[in-house]
Asks: 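Once you've had a glance at the structure underneath, I'll fire off some questions.
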Amino acid sequence: MALLKIARMGNPVLMTRAEAVADPTSPPIASLVRDMVETMADAGGIGLAAPQVHVGLRVVVYYVPASRSDDGEEAPLTIMVNPVVEALGTETTIDAEGCLSLPGMSGLVRRPTRVRVSYENLEGDRIEREVTGYHARVVQHECDHLDGILYPMRMDDLSSFGYLDEIPNNSACSDRQENDRGSAA
Ligand code: NI
């Protein structure tokens with residue numbers, strides 16, 4: 001196990017479309033996932049995509065404890081290889097996001113409320129599920145990383161973008177604490 005260095009916005013690896021994983025069951029992928037889970041936990045994040053640790057592969061991990069979820073629903077530790085996300089319906093929700101690649105910052109992002117996601121697990125099984133609310137937001141944020149998209153690129157009003165510790169009514173300025181807004185992913 002190893003802690004991996006997290007790329008910050010501006011690094012080309014974050015702006016590049018990641019490559020599909022040929023074999024999700026291969027030992028190097030298992031090793032990468034172990035390191036990503038450890039790095040995510042160490043950084044106090046709720047999600048991490050491989051490009052954020054300088055690996056241009058379509059791999060995502062996330063875990064949202066109930067205390068960090070805006071709607072109080074836990075999202076268990078999930079590993080997604082080669083995920084594909086599709087919006088369901090036309091309903092959208094606007095909510096705060098943060099990102100380990102933009103430390104200390106937050107912004108409001110509108111996203112589809114409900115999505116279908118299909119991915120491979122480390123056993124090579126193709127899983128399909130529907131997720132909603134904050135869980136759906138995390139899935140979309142992480143999968144965006146695989147296409148070189150960071151959340152500010154999804155914002156339609158940059159006036160809500162800023163440093164967490166400057167934003168009024170924000171209860172915490174560290175992403176290691178429970179936040180009112182902008183859990184880092
Ligand atoms: Ni992120």
Side-chain angles (χ1 to χ4, degrees), residues 3-19 21 32-33 35-65 68-71 75-85 87 92-112 115 117 119 131 133-158 160-165 167 170 172-185:
L3 291 178
L4 305 172
K5 186 170 163 60
I6 297 175
R8 289 175 304 159
M9 188 175 184
N11 191 305
V13 73
L14 294 172
M15 305 294 172
T16 306
R17 185 180 157 84
E19 300 284 330
V21 173
L32 170 66
V33 164
D35 290 347
M36 286 174 63
V37 170
E38 187 183 11
T39 301
M40 173 177 72
D42 179 72
I46 58 174
L48 191 66
Q52 291 183 275
V53 290
H54 304 263
V55 176
L57 290 173
R58 303 185 81 77
V59 177
V60 159
V61 303
Y62 66 87
Y63 165 63
V64 188
R68 293 280 293 272
S69 167
D70 281 12
D71 51 19
L77 179 64
T78 303
I79 292 138
M80 301 195 300
V81 179
N82 300 327
V84 178
V85 181
T92 60
T93 309
I94 192 158
D95 205 347
E97 297 189 16
C99 182
L100 293 174
S101 296
L102 290 81
M105 302 200 76
S106 176
L108 296 175
V109 185
R110 181 180 296 281
R111 294 193 189 268
V115 298
V117 59
Y119 59 92
V131 292
Y134 200 70
H135 190 162
R137 178 172 297 277
V138 173
V139 166
Q140 291 173 84
H141 174 116
E142 296 310 329
C143 291
D144 266 356
H145 277 299
L146 306 180
D147 292 329
I149 298 168
L150 298 171
Y151 75 83
M153 297 156 70
R154 292 283 191 200
M155 293 179 65
D156 39 39
D157 179 4
L158 283 171
S160 73
F161 185 47
Y163 291 93
L164 273 168
D165 56 3
I167 295 171
N170 177 55
C173 56
S174 163
D175 64 11
R176 292 174 188 276
Q177 305 297 319
E178 291 180 22
N179 283 355
D180 270 304
R181 55 177 285 174
S183 286

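Counting from 1, the numbers follow the sequence of the chain as shown. What you see is a predicted model; the values in this text were computed from it and never measured. All ligand and atom numbering here is 1-based and tracks the order in the structure.
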Asks: Is the shortest side-chain heavy-atom distance between H145 and C99 below 4.5 Å?
Replies: yes

Asks: Using a 4.5 Å cut-off on heavy atoms from C-beta on, say whether the side chain of L108 contacts that of D157.
Replies: no

Asks: If a pair satisfies salt bridge (Lys or Arg N to Asp or Glu O under 4.0 Å) and one of its residues is in residues 4-19, list it, with sequence neighbours excluded.
Replies: R17-D147

Asks: Would you name the heavy atoms of P51 and L14 that are closest together and state the gap between them?
Replies: O-CD2, 3.8 Å

Asks: Could you tell me whether R111 and E97 have a side-chain N and a carboxylate O separated by less than 4.0 Å?
Replies: yes

Asks: Given side chains that start at C-beta, do those of L77 and M40 come closer than 4.5 Å, heavy atoms only?
Replies: yes

Asks: Around the Ni ion (ligand 1), list the protein N/O/S atoms within a radius below 2.8 Å, excluding water molecules.
Replies: C99 SG, H141 NE2, H145 NE2, A185 O

